[in-house]
Amino acid sequence: MGMLLEIKNLSTHFNTDLGVIKAVDRVDLAIDEGDTLGVVGESGCGKTVLALSIMRLIPSPPGKIVSGSVFFKGVDLLKIDSAEMRMIRGKDISMVFQEPMTSLNPVLRVGDQITEIIKLHLGLGRKEAMDRAMEMLSLVGMPSPETVIRNYPHQMSGGMRQRVMIAMALCCGPKLMLADEPTTALDVTIQAQILELIGKLKQDIGTSVILITHDLGVIAEAAEHVAVMYTGQIVEYASVENLFSKPLHPYTVGLMESIPKIDAPWGRDAYLKVIPGAVPSLHNLPQGCTFQGRCAHTMQICREEEPQLKEYMPRHRVHCWLFGKK
């Protein structure tokens with residue numbers, strides 16, 4: 001299998017009254033056919049903006065993709081016109097948005113929302129599109145799809161709405177699916193079902209997945225490779241096995257240490273490790289490494305020069321001065 005998506009030097013900025021926010025800053029990423037890439041980091045680190053940049057859904061103004069390229073099957077999505085992008089979006093590349101209740105139209109039945117995509121991209125008539133919609137709802141494990149297609153979003157649970165969103169994303173057989181926090185606000189049982197569903201559909205349909213989350217447990221369960229984001233940049237990239245067995249960047253180590261452990265001591269003196277400090281304001285990032293104010297290993301060079309994302313081991317890259325100069 002070859003490379004499906006290659007992102008080079010992608011930067012997306014937002015112009016605000018307080019200045020320019022570099023929400024995505026010189027990102028390089030790639031995903032192979034049939035692969036699942038996890039993108040992890042704290043809220044506000046740029047994960048969703050990265051996905052919206054790939055889809056070319058950045059609101060303009062105030063946002064703008066200021067540099068870079070996004071090659072999908074050899075075609076730069078940032079160079080094609082809007083009409084061509086609309087035909088790719090939803091058919092070849094689809095997205096499961098973070099909040100299904102706000103992403104689904106509250107005044108349209110679920111069946112009408114799914115068939116709209118099918119009729120647009122596959123050119124099917126109403127009856128054939130409705131049959132396809134019920135087929136996709138069955139595929140995502142929805143009970144009684146012939147009833148569900150007549151329901152409105154508010155008549156369903158959070159897990160059912162998330163399954164509808166996945167069915168919409170997959171109804172045209174996309175090559176790539178972007179899943180933005182697909183398990184947020186769901187209980188752990190439903191989370192496990194959704195992750196299992198995404199894995200099964202990836203095998204059945206052959207869709208590659210970019211899985212955006214802040215939950216390292218989800219990454220361990222569902223991804224093959226991981227990109228860790230901080231202040232709009234990729235600070236570490238590795239296979240799941242390498243990241244969990246040997247995390248390199250101090251931020252990644254901090255995320256790992258903040259995971260509750262089953263065998264940890266408990267009682268009044270027990271505590272959960274946290275990363276000290278707070279994410280710096282994107283309006284006023286420090287010179288040098290943006291993690292310097294929260295890092296226990298800060299050196300003088302960290303305050304003066306920004307590190308580069310460099311390969312420390314095969315297919316394991318890190319953005320940190322601890323692992324050598326440029």
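Given the structure is predicted, the values throughout are model-derived calculations rather than measurements.
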Least distance between heavy atoms, [X] atom then [Y] atom:
X: Leu309; Y: Ile234; answer: CD1-O, 3.6 Å
X: Val148; Y: Val110; answer: O-CB, 3.8 Å
X: Ser208; Y: Leu4; answer: OG-CD2, 3.5 Å
X: Cys172; Y: Ile117; answer: SG-CG2, 3.9 Å
X: Leu37; Y: Ala223; answer: C-CB, 4.5 Å
X: Gln287; Y: Gln292; answer: O-NE2, 2.6 Å

Are the side chain of [X] and the backbone of [Y] linked by a donor-acceptor contact shorter than 3.5 Å?
X: Ser258; Y: Val274; answer: no
X: Lys91; Y: Leu120; answer: no
X: Glu146; Y: Met134; answer: no
X: His319; Y: Pro307; answer: yes
X: Arg163; Y: Val140; answer: yes
X: Ser67; Y: Asn9; answer: yes

Problem - Glu304 atom CD, neighbour heavy-atom count above 12 within 6.0 Å - result: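 Yes, enclosed.
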Practice task
Step through the shown structure and confirm whether more than 12 heavy atoms of other residues, nucleotides or ligands are within 6.0 Å of CD on Glu221.
Solution key: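 Atom CD in Glu221 is not packed in, count stays at 12 or less.
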Could you check whether any side-chain heavy atom of [X] comes within less than 4.5 Å of a side-chain heavy atom of [Y], counting everything from C-beta outward?
X: Leu139; Y: Leu170; value: no
X: Cys320; Y: Pro250; value: yes
X: Leu52; Y: Phe97; value: yes
X: Glu181; Y: His214; value: yes
X: Asp81; Y: Glu84; value: yes
X: Arg89; Y: Arg56; value: yes
X: Lys246; Y: Leu248; value: yes
X: Ile118; Y: His121; value: no

Handout entry: Pairs involving residues 274-295, ordered by first then second residue, that meet ring pair (Phe, Tyr, Trp, His ring centres under 6.0 Å) (sequence neighbours left out)
Key =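 Checked against ring pair (Phe, Tyr, Trp, His ring centres under 6.0 Å) - neighbours excluded - the pairs reaching residues 274-295 are Tyr230-Phe291, His249-Phe291, Tyr251-Phe291.
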Report yes or no: do [X] and [Y] form a side-chain donor-acceptor pair below 3.5 Å?
X: Thr48; Y: Asp180; value: yes
X: Gln233; Y: Glu306; value: yes
X: Glu311; Y: His316; value: no
X: Thr252; Y: Glu236; value: yes

Transitive ILVMFWY side-chain link [X] to [Y], under 4.5 Å:
X: Met256; Y: Ile219; answer: yes
X: Val253; Y: Val279; answer: no
X: Tyr152; Y: Ile114; answer: no
X: Leu108; Y: Met165; answer: no
X: Val75; Y: Val70; answer: yes

Handout entry: Lys8 vs Ser69, side-chain contact (heavy atoms from CB on, under 4.5 Å): CA-CA, chis, key distance, verdict
Key = CA-CA 5 Å; Lys8 294 182 177 179; Ser69 54; 3.5 Å; yes
If you measure from [atom1] on [X] to [atom2] on [Y], what distance do you get to the nearest 0.5 Å?
X: Arg161; Y: Gln155; atom1: CZ; atom2: CD; answer: 11.0 Å
X: Met168; Y: Thr115; atom1: CE; atom2: OG1; answer: 9.5 Å
X: Leu137; Y: Thr147; atom1: CG; atom2: OG1; answer: 11.0 Å
X: Ile88; Y: Leu176; atom1: CD1; atom2: CG; answer: 11.5 Å
X: Ser11; Y: Ile65; atom1: OG; atom2: CD1; answer: 10.0 Å
X: Leu10; Y: Leu29; atom1: CG; atom2: CG; answer: 9.0 Å

Practice task
Look at Asp25 together with Lys22 and state whether they make a salt bridge at an N to O cut-off of under 4.0 Å.
Solution key: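 Judged by the 4.0 Å cut-off on N to carboxylate O distance, Asp25 and Lys22 do not form a salt bridge.
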Practice task
Indicate yes or no: does Arg126 engage Glu116 in a salt bridge with an N to O separation below 4.0 Å.
Solution key: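 Between Glu116 and Arg126 there is no salt bridge, as every charged N stays at least 4.0 Å from the carboxylate O atoms.
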Exercise for the section: Walk me through it: do Leu5 and Ile210 pass the test side-chain contact (heavy atoms from CB on, under 4.5 Å)? Expected result: CA-CA 10 Å; Leu5 183 82; Ile210 295 180; 3.9 Å; yes
Practice task
Applying ring-ring contact (aromatic ring centres under 6.0 Å, His included), name anything that partners Phe72, two or more places apart in sequence or on another chain.
Solution key: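 Not a single residue meets the ring-ring contact (aromatic ring centres under 6.0 Å, His included) criterion with Phe72.
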Exercise for the section: Begin from the C-alpha positions of Leu77 and Phe71 and carry the test side-chain contact (heavy atoms from CB on, under 4.5 Å) through to its verdict. Expected result: CA-CA 6 Å; Leu77 300 181; Phe71 288 99; over 6 Å; no
Exercise for the section: Start with the C-alpha distance between Lys64 and Ile58, add both sets of side-chain angles, then the distance that settles side-chain contact (heavy atoms from CB on, under 4.5 Å), and finish with yes or no. Expected result: CA-CA 7 Å; Lys64 185 179 181 181; Ile58 297 295; over 6 Å; no
Handout entry: The single option from Met130, Arg109, Met142 passing side-chain contact (heavy atoms from CB on, under 4.5 Å) against Ile149
Key =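 Output: one option passes, namely Met130.
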Exercise for the section: Hey, could you give me each pair passing salt bridge (charged side-chain N to carboxylate O under 4.0 Å, His left out) that has a residue in residues 66-75? Not counting sequence neighbours. Expected result: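 Counting only pairs at least two positions apart or across chains, no salt bridge (charged side-chain N to carboxylate O under 4.0 Å, His left out) contact touches residues 66-75.
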